Amino acid sequence: MEGQAIGLIGVGLMGHGIASNIAKKGYSLAILNHEGNQPVDDLIAQGVRVCDTVEVLAQSVDIIVLCVTGTPQIEQIMYQQGLLTSLRKGTVIIDCSTALPHSSVAIAQAVQAAGGFFIDAPMTRTPKEAAEGRLNLIVGGSEEIFLRVKPLLESFAENISYAGSVGSGHRLKLIHNFVSLGFTAVLSEAIAAARRAEIAPEVLLDVLDKGGGNSVVLNRLKPYMLSDDDASFRFALSNAHKDLTYYTQMADDTADCQQMAAAVKQLFKQCLEVKPDAVLTEIIPLMAEQGNQL
């Protein structure tokens, strides 16, 4: 990996942390100029270059990391914005977004036909861990290519799991998010029920913590339960609904059972209709206030 130039598209809440850690590890890094980026002055101060077009970025790097919202954005970058036609031979594309597996497989085939390589490496955890270089990655693709880029991945990830062939990373990420968001929905409904019953939050937390409710999700919800502090769990409800939509689409493709996922997706949809810009924690007061009328 030494001496190879890296490009990154998508300097949002997660991408900014990834970019900062790549630069701190001494890699030559270029990012795409985009109105959706977080402020990048600190990255420029670290020596990061800013490219105004996908073509300019693609022609100057060996590896490209994608960190955007989802499948529509990935497909637009690849096809409409010209990343696919601008690739240098041998370029590796690492897709850290949350995306539909069948689209990832199709893109991988197109990238291979263009002389490049593609792996999906979706991430879990939050912007806090992204800034700390402690993300979790789930990788799908050629094991040879994975091992080749693993040192780069280690520059911004703490835990890396190799899932199998292309698309496996995105499949496992959607399964993970279904579990995480399902836990969030169950715990949120329980917290709302406790509020309506005027049960003290510290008592509820003590009971859940010592029983079957103990989990990473509960730990993230603790500050909100005790003091309405949502800083540790500011995940957009619209993104949660998008991830559950991807999961149910994947389940449709594979004829998997999806009753629980459909129920959670419907809950998020109802909450979004009431508060379109909500983060996940905001479904708790909505359920507490409206009960079964939500």
Side-chain angles (χ1 to χ4, degrees), residues 4-16 18-19 22 29-38 49-123 137-142 145-146 148-149 152-153 163-174 177 238-239 241-243 245-250 252-254:
Q4 290 198 305
I6 315 301
L8 189 145
I9 298 176
V11 191
L13 290 173
M14 301 295 280
H16 187 281
I18 292 173
I22 290 174
L29 177 64
I31 59 175
L32 180 68
N33 186 21
H34 189 271
E35 61 183 10
N37 287 350
Q38 294 289 298
R49 295 182 298 111
V50 179
C51 298
D52 288 328
T53 68
V54 167
E55 181 179 9
V56 169
L57 182 140
Q59 287 294 308
S60 64
V61 299
D62 306 293
I63 299 171
I64 299 172
V65 179
L66 305 178
C67 187
V68 297
T69 304
T71 294
Q73 292 77 22
I74 294 293
E75 292 180 345
Q76 183 182 50
I77 290 166
M78 295 301 304
Y79 303 125
Q80 280 75 46
Q81 294 187 37
L83 179 55
L84 186 62
T85 55
S86 303
L87 289 179
R88 297 196 300 177
K89 187 175 181 180
T91 299
V92 179
I93 294 179
I94 304 171
D95 182 8
C96 290
S97 312
T98 300
L100 288 165
H102 72 262
S103 175
S104 301
V105 171
I107 288 172
Q109 292 170 345
V111 169
Q112 185 176 11
F117 306 94
F118 178 96
I119 64 172
D120 45 307
M123 53 199 164
L137 297 180
I138 310 166
V139 179
S142 159
I145 299 301
F146 161 58
R148 185 190 305 176
V149 302
L152 172 65
L153 302 181
S165 60
V166 167
S168 298
H170 281 142
R171 290 188 184 95
L172 188 49
K173 168 65 186 293
L174 293 178
N177 278 23
S238 58
N239 278 341
H241 182 262
K242 179 263 295 180
D243 289 356
T245 299
Y246 282 3
Y247 178 84
T248 54
Q249 288 179 0
M250 180 179 73
D252 282 339
D253 292 341
T254 53

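Below, all heavy atoms of this structure are taken into account, side chains as well, without hydrogens, waters or symmetry copies. It should be emphasised that the depicted structure is a prediction, and the values quoted were computed from it without experimental measurement.
- The salt bridge (charged side-chain N to carboxylate O under 4.0 Å, His left out) pairs that include a residue from residues 98-115 number zero, where partners must be two or more places apart or lie in different chains.
- Applying the side-chain contact (heavy atoms from CB on, under 4.5 Å) rule to Ser165 yields the partners Ser168; only residues at least two apart in sequence or on another chain are considered.
- Within the 4.5 Å cutoff, side-chain heavy atoms of Ile145 are placed close to those of Arg148.
- The side-chain hydrogen bond (donor to acceptor under 3.5 Å, both in side chains) check on Asp95 picks up Ser97, with sequence neighbours excluded.
- Listed by chain and residue number, nothing satisfies the ring pair (Phe, Tyr, Trp, His ring centres under 6.0 Å) test with Phe118 (two or more places apart in sequence, or in another chain).
- Listed by chain and residue number, Lys173, Leu181, Asp243 satisfy the side-chain contact (heavy atoms from CB on, under 4.5 Å) test with Asn177 (two or more places apart in sequence, or in another chain).
- Looking at residues two or more places apart in sequence or on another chain, you find a side-chain contact (heavy atoms from CB on, under 4.5 Å) between Leu13 and Gln38, Pro127.
- Applying the side chain to side chain donor-acceptor pair (under 3.5 Å) test to every pair with at least one member in residues 79-92, sequence neighbours left out, gives these pairs: Asp62-Arg88.
- For Asn33, the side-chain contact (heavy atoms from CB on, under 4.5 Å) partners are Val50, Asp52, not counting sequence neighbours.
- Between the Asp120 side chain and the Val105 main chain, no donor and acceptor come within less than 3.5 Å of each other.
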Name each donor-acceptor pair under 3.5 Å that joins a side chain in residues 65-72 to protein atoms two or more places apart or in another chain, with its distance.
residue, atom, partner, partner atom, Å
Thr71, OG1, Leu100, N, 2.8

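- Residues satisfying the ring pair (Phe, Tyr, Trp, His ring centres under 6.0 Å) test with Phe146, not counting sequence neighbours, are Tyr162.
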